[in-house]
Amino acid sequence: MATLEYIRGLKPAPHADGRELVKKGIEIGNSFEAPLTWYEGYANHMEYKKACQREGRIYWCLLMGLATLADEVEAVKQIYEFQERTGFKLGSMLHIPSGNVALPKEYRENAPKTTSFMLESLDDWMALRNAAPIDISLNDHHLVCPNSIETTVNALKAGAVRVGSFGQFLWDYPGFTDDVKRYSDMVTSLGIMASKRDDMFAVETYLDDSFPGYFMDCASYVGYALLEHYICTKLCGARYVISFGGLLSEGNTRIAVALALHELMGTEEQPVLTYINGSTNMQWDHDIDGNYGFAAQEMLLEICAEKKFHMALAINPVSITEKIAVPTLQELLNIYSCGKRVEEKADEWMPLIDWTPIIEMKDVMVKEAKTYFHNAMSAFKEAGIDTEDPLEMLLMLKKFAPQKLEKAFHSSTADGQNEEVIPFYPTVLGRQTNEMRDEIIQELKAEGLGKSLEGKKIVIASGDAHAYGLQLVDGVLREMGAVTINIGVDMDPIDLLDAADEDGTPYVGVSCHNGQALDYGKQLLELARERGREYIFFMGGKLNTILPGDAEPTEVGPMLCDMGIQADNDIKTTVVLIKDHSR
């Protein structure tokens with residue numbers, strides 16, 4: 001009953017008919033041509049990928065987002081030269097532009113600067129296509145953003161074989177608050193993608209960037225994908241493909257998730273999987289060369305799984321520096337070479353692997369994912385959500401608290417018998433976050449800091465879509481006795497200060513990634529000066545940015561500390577700072 005009441009509260013106000021917006025998008029899409037694949041001998045990119053699937057060939061892709069468009073284009077040329085020299089054929093390039101591309105031009109000036117390149121006109125998109133005869137994909141900050149119609153059209157005109165990322169509809173963008181306009185345009189963009197269905201252009205998602213990034217169970221992770229698949233394919237008529245993996249680091253669950261997604265949504269006409277991303281949450285941030293050991297065994301298992309099950313699962317390796325910085329071109333080529341050399345010996349490992357435990361895991365995930373999807377759709381309908389309207393579905397889901405979405409429909413909690421989700425196969429990052437939180441709490445208590453923050457109110461948030469670090473800090477501060485006001489993810493600096501002023505507290509903490517830390521800190525300090533108030537700011541996360549004149553990011557924690565922000569990424573120091581501060 002409580003879940004139904006909650007969902008009823010999420011039903012959006014009257015809005016345009018999403019079905020009509022899909023038709024509008026199809027009309028837009030039919031008004032222009034999108035160039036097809038670079039692959040000679042194949043009708044389109046998907047036909048090449050299906051040939052790899054049939055023949056057990058491994059399809060590789062690389063993800064890259066350098067500081068400027070010129071840097072990005074030059075790097076693609078060098079990748080192509082490397083491919084021709086070594087024979088290590090690359091399937092496609094995934095280009096990650098600045099998040100500011102997602103904003104209409106009038107919003108960009110005041111948005112925090114990020115580490116990746118900008119795209120301003122169609123010529124810029126075409127420069128990516130024409131850099132080398134390698135297919136391109138444009139996922140981040142395209143299909144689901146406030147500027148989505150322009151970015152989707154330009155991506156297709158440049159021949160991007162996949163446009164996304166669907167799951168990022170959960171993200172917010174600085175300064176843009178008109179959700180009805182944004183998601184109406186997203187549905188129109190899905191219609192544009194549907195118009196290119198026959199040429200096998202597809203909408204891509206990256207599950208780890210969306211609700212599954214908050215989940216505790218891999219079965220829910222798969223079940224959520226069925227919701228996106230329903231909206232994209234059933235309601236909008238577009239093709240839907242899935243990438244995933246950055247937050248899953250246990251080999252058995254990584255492969256079982258892939259098999260479950262493949263079984264539930266893949267077809268002979270169109271494989272549903274695109275790539276599995278190298279995991280990052282097990283990487284060392286010290287002695288980083290040791291990360292080759294983890295990456296090599298991970299890629300070996302994935303290569304063998306694709307040779308065994310023919311899922312059309314591409315591999316997207318991540319640099320050994322991924323945890324600490326945006327990788328350089330050479331670091332990407334190094335990890336790609338590592339993977340290709342692993343592939344050379346994979347056939348020798350095939351007879352040694354017993355796949356039975358992974359298949360059993362897959363079967364449970366398939367069953368539980370179906371249950372999750374059924375529970376969700378039944379509840380939506382009963383609560384009065386128009387489940388045939390893609391705009392209504394998106395507006396409702398956008399307001400759904402991420403931590404509640406799994407608990408509401410998971411089979412262990414949907415009937416009300418359990419307060420917390422009992423995972424069938426726990427997600428690694430969720431478990432690691434809880435373990436790290438408990439370890440930090442024990443250390444603080446051992447040093448006499450337990451309950452040292454009683455009486456303190458602290459506003460905390462994430463400046464982007466990353467949530468686990470925020471959950472960890474929230475748990476630690478609360479255990480130390482603080483009252484935390486967790487305002488969530490994708491928050492602008494003004495949101496934090498408004499919340500602090502409303503609750504009458506000077507303590508403000510933010511988690512930052514994506515190269516935004518320095519600009520974010522400057523905006524916090526400028527707002528504080530404008531308001532004439534004293535705040536105690538602390539920041540954590542991946543605190544780097546690309547400084548003027550540089551092509552690679554620089555660690556900016558010391559710079560933030562010099563500016564007066566506690567930014568050494570040490571929560572113990574933060575606890576002591578807040579404990580010792582008296583108003």
Side-chain angles (χ1 to χ4, degrees), residues 110-112 170-177 214 399 401-404 433 437 440-441 444 449 451-514 516-543 556-557 560-561 563-583:
N110 296 321
L170 195 59
W171 293 13
D172 289 322
Y173 286 93
F176 196 96
T177 58
Y214 297 83
K399 293 192 292 182
Q403 294 85 352
K404 291 184 178 182
T433 299
R437 175 201 62 202
I440 292 170
I441 288 170
L444 291 171
L449 292 170
K451 302 303 179 184
S452 61
L453 300 184
E454 285 188 342
K456 307 278 191 178
K457 285 185 178 180
I458 307 172
V459 172
I460 56 173
S462 175
D464 49 61
H466 294 83
Y468 282 105
L470 179 62
Q471 291 177 26
L472 183 149
V473 171
D474 194 352
V476 170
L477 294 178
R478 282 190 286 107
E479 190 64 26
M480 294 302 102
V483 175
T484 59
I485 300 98
N486 185 338
I487 63 173
V489 300
D490 285 316
M491 291 294 140
D492 294 338
I494 195 171
D495 298 324
L496 277 86
L497 268 59
D498 285 349
D501 292 350
E502 183 177 336
D503 280 280
T505 180
Y507 307 113
V508 176
V510 59
S511 172
C512 282
H513 296 73
N514 302 337
Q516 66 184 160
L518 188 60
D519 267 4
Y520 205 102
K522 289 177 178 178
Q523 289 188 34
L524 284 173
L525 294 171
E526 179 61 28
L527 286 169
R529 282 191 290 270
E530 291 175 1
R531 297 183 183 204
R533 294 177 182 267
E534 177 197 5
Y535 301 90
I536 304 300
F537 294 124
F538 59 96
M539 297 179 73
K542 189 178 286 188
L543 304 180
V556 296
L560 290 164
C561 289
M563 291 160 53
I565 296 173
Q566 165 57 31
D568 62 3
N569 259 331
D570 183 347
I571 195 166
K572 175 186 171 183
T573 304
T574 300
V575 169
V576 172
L577 172 72
I578 297 173
K579 175 182 75 70
D580 292 343
H581 178 261
S582 59
R583 300 188 59 184

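Just so you know, residue 1 is the first one in the sequence shown, and it goes up from there.
Contact check for D492 versus Q523: no side-chain heavy atoms found under the 4.5 Å cut-off. A heavy-atom distance below 4.5 Å is found between the side chains of K572 and L444. Two residues are said to be in side-chain contact when any heavy atoms from C-beta on lie closer than 4.5 Å; L524 and V510 meet this criterion. L477 is listed as a side-chain neighbour of V575, based on a closest heavy-atom distance under 4.5 Å. Between E530 and L527, the closest side-chain pair of non-hydrogen atoms falls below 4.5 Å. Here the side chains of I565 and K522 are not in contact, with every heavy-atom distance at 4.5 Å or above. Residues Y214 and L170 form a side-chain contact, since some pair of their non-hydrogen atoms from C-beta on lies under 4.5 Å apart. Counting heavy atoms from C-beta outward, L472 and I440 have side chains that approach closer than 4.5 Å.
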### Task
Test side chain to side chain contact (heavy atoms under 4.5 Å, CB included) on F537 and L497 and set out the steps.
CA-CA 10 Å; F537 294 124; L497 268 59; 3.7 Å; yes

### Query
Given Y535 and V459, is the side chain to side chain contact (heavy atoms under 4.5 Å, CB included) satisfied, shown in steps?
CA-CA 11 Å; Y535 301 90; V459 172; over 6 Å; no

#### Entry: Test side chain to side chain contact (heavy atoms under 4.5 Å, CB included) applied to D498 and R531, step by step
CA-CA 10 Å; D498 285 349; R531 297 183 183 204; 2.7 Å; yes

### Message
Please evaluate residues Y507 and L453 with respect to the criterion side chain to side chain contact (heavy atoms under 4.5 Å, CB included), reporting the C-alpha separation (whole Å), side-chain torsions for both, the decisive distance (0.1 Å), and the verdict.
### Response
CA-CA 11 Å; Y507 307 113; L453 300 184; over 6 Å; no

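For the pair A111 and D519, the tightest heavy-atom approach, listed with the atom from each and the gap, is O-OD2, 4.5 Å.
Rounded to the nearest 0.5 angstrom, I536 CD1 and L577 CG are separated by 6.0 Å. Separation of atoms CG (D503) and CD1 (I458) is listed at 12.0 Å; rounding is to 0.5 Å.
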